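Each chain gets a letter, A, B and so on, in the order the sequences are listed, and its residues count up from 1. As the structure is a computational prediction, the values presented were derived from the model and not from experiment.
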2 protein chains.
Amino acid sequence: MAAPLLRRLGRFTALALDEIDAVRDLISRRKRWRPGTTLFAEGRSAAPQFLLSGWACSQRVLRDGRRQIFDFVLPGEGFGSGSAVDGQARQTVVALTSVETVDAGAFIDAAREASPHGLWRAIRATEKEEDARRLEHMVRLGRLMAHEKVAHFILEMQRRSGADNAASFALPLTQETISDALGVSVVHLNRVLRQLRSENLVHLRGGVAFVGNAKGLAAATVLPPPPSG
Amino acid sequence: MAAPLLRRLGRFTALALDEIDAVRDLISRRKRWRPGTTLFAEGRSAAPQFLLSGWACSQRVLRDGRRQIFDFVLPGEGFGSGSAVDGQARQTVVALTSVETVDAGAFIDAAREASPHGLWRAIRATEKEEDARRLEHMVRLGRLMAHEKVAHFILEMQRRSGADNAASFALPLTQETISDALGVSVVHLNRVLRQLRSENLVHLRGGVAFVGNAKGLAAATVLPPPPSG
DNA sequence: CGGTTATTTGAAATACGTCAATTCAAGTGG
DNA sequence: CCACTTGAATTGACGTATTTCAAATAACCG
């Protein structure tokens, strides 16, 4: 149960035994929510949490129903800490599948006071990673074409799923959800997916992504940074 | 000279006299750069700075020349602190006009160690604001139409320029720059501007924006958060 | 004033969105 | 095991927002 969380934090530091225990201890206080539940509402005061299992997304909904998804929250990742003004959160977090969450406020405070290295360092690192992802997402939204967006997105998800370079990985998202993340209509996304499938680049089916040709996908993406340093 | 910086920091806390002196002291170490200069290169280690005068932008350039601007840096604002992975900055900051900058690393460290309130609090607040702006920007890029993007952008700039609700304010950006921020072609941006001008909503000329009808502009934007809480 | 950069406009191509149906997959209850 | 329901995926036809190409001003600068 603690595996996803430990795996993510462990990527940045070797965790001490008592830190691992602290994480295990968190698990007992977890809560379960059904898909569609609002885990964290925009305008409420910030409340950092960990997502132990399932998928969620951070988003904003416009008056007329249009939706922009800012980021996805994968098992073991945190949410609810960033981008608040006057203590007011600026984004809503919604469960996409059945999920389990646990409050991380006290845990994070303890980590910060314990040591600037170790756990605290790992938590900071995941936040920085989130920041960097946001920049990529902005480039994707503003400057990539639909097929580039999709290719780029699939590769990001492959990497984040931990299944580096694996031929298939879990991607429990509907096309509607993906389209709201990429800023494209569902219908158009569907057509782009058909195209990519026919070229044997990716194949989405039943919540699983099959990558037929990772190199080809990367080629379909215009990698962000220029060659020059 | 210190005015823009003091004004921005002062929005969040009443600054103590020695804090004001510290800011004034910074000024003496300022450096001047010409338009087009790269103030901060992606991949370099993070180095927080203040922009004392002039305008800059944070951006990324794609291989094929496409550019996405993440945010603008106005006089008195800071840059170079956020979103780094492994200490590597993820964005490039470029001077759009002639600018003056000063290194803020030591200054910020001192503020943090001095007190969790006062100056440090103000600095944190500006960073949170930047975060929130990024979310708005994502919605704009992903879910607004060109004319909505422009209206939304003008209103953001009006607010940030401090000239709340003023009929005109400085906006020293070329249409090319604006188009790279909004994820639209220059040509199309130009046509949208013509449209908005003909409706007497905004008028850009000579680096100054004239807002003819702020209410109308707001109506042309789909305000992000939904009515429900 | 000449040279460069920014703005503006037209015409044509296309990427993408909307509307409306149809198919498909996955329950659910009988 | 079979209707029956529901939500997601898929497809066609059509309209439009936006891009690209090319060229003509207009503004800027030494």
Asker: Using distance alone, with no hydrogens and no angle criterion, decide if A:R32 and A:S98 have a side-chain donor and acceptor under 3.5 Å apart.
Answerer: yes
Asker: Does OP1 or OP2 of D:dA9 have a side-chain N or O of A:N190 closer than 4.0 Å?
Answerer: no
Asker: Separation of A:M145 atom CE from D:dT20 atom P, in whole Å?
Answerer: 8 Å
Asker: Take atom CZ of A:R205 and atom P of D:dA9, then tell me their distance rounded to the nearest Å.
Answerer: 12 Å
Asker: Nearest-Å distance, CD (B:E148) to C1' (D:dT18)?
Answerer: 14 Å
Asker: Could you check whether B:G207 gets within reach of a base, just the sugar-phosphate, or nothing at all, counting any heavy atom under 4.0 Å?
Answerer: nothing
Asker: Rounded off to whole Å, could you give me the CD-to-C1' distance for the B:Q195 and C:dT8 pair?
Answerer: 15 Å
Asker: Check the distance between C:dA15's C1' and A:R191's CZ and give it to me in whole angstrom.
Answerer: 11 Å
Asker: Where the side chain of B:Q175 is concerned, which of D:dT19, C:dT7, D:dA8 is the nearest nucleotide?
Answerer: C:dT7
Asker: Taking atom types as modelled, is there a side-chain donor on A:H137 or A:R134 under 3.5 Å from an acceptor on the other?
Answerer: no
Asker: Closer to the 5' end of DNA chain C via nearest nucleotide, is it A:A146 or B:L173?
Answerer: B:L173
Asker: Restricting to non-hydrogen atoms, name the atom on A:L74 and the atom on A:R8 that form the minimum distance, rounded to 0.1 Å.
Answerer: CB-NH2, 3.6 Å
Asker: How close do A:E176 and A:R67 get, counting heavy atoms only, and between which atoms?
Answerer: O-NH2, 4.2 Å
Asker: Could you check how far CG of A:L189 sits from C1' of C:dT18, rounded to whole Å?
Answerer: 16 Å
Asker: Applying a 4.0 Å non-hydrogen cut-off, can you work out what B:V184 is touching in the nucleic acid: base, sugar-phosphate, or nothing?
Answerer: sugar-phosphate
Asker: Tell me whether the OP1 or OP2 atom of D:dT10 has a side-chain N or O from A:R197 closer than 4.0 Å.
Answerer: yes
Asker: NA contact type, B:T174, heavy-atom cut-off 4.0 Å: base, sugar-phosphate, or nothing?
Answerer: sugar-phosphate
Asker: Using modelled atom types only, decide if a donor and an acceptor are shared between the side chain of A:R44 and the backbone of A:A41 within a distance under 3.5 Å.
Answerer: no
Asker: Using OP1 and OP2 only, check whether a side-chain N or O of A:R143 sits under 4.0 Å from D:dT18.
Answerer: no
Asker: May I have the distance from B:R66 (atom CZ) to D:dT19 (atom P), rounded to whole angstrom?
Answerer: 12 Å
Asker: Rounded to whole angstrom units, what separation is found between the NE2 atom of B:H188 and the P atom of D:dT19?
Answerer: 6 Å
Asker: Determine the contact category for B:V187: base if any of its heavy atoms lies under 4.0 Å from a base atom, sugar-phosphate if only primed atoms, P, OP1 or OP2 are that close, otherwise nothing.
Answerer: base
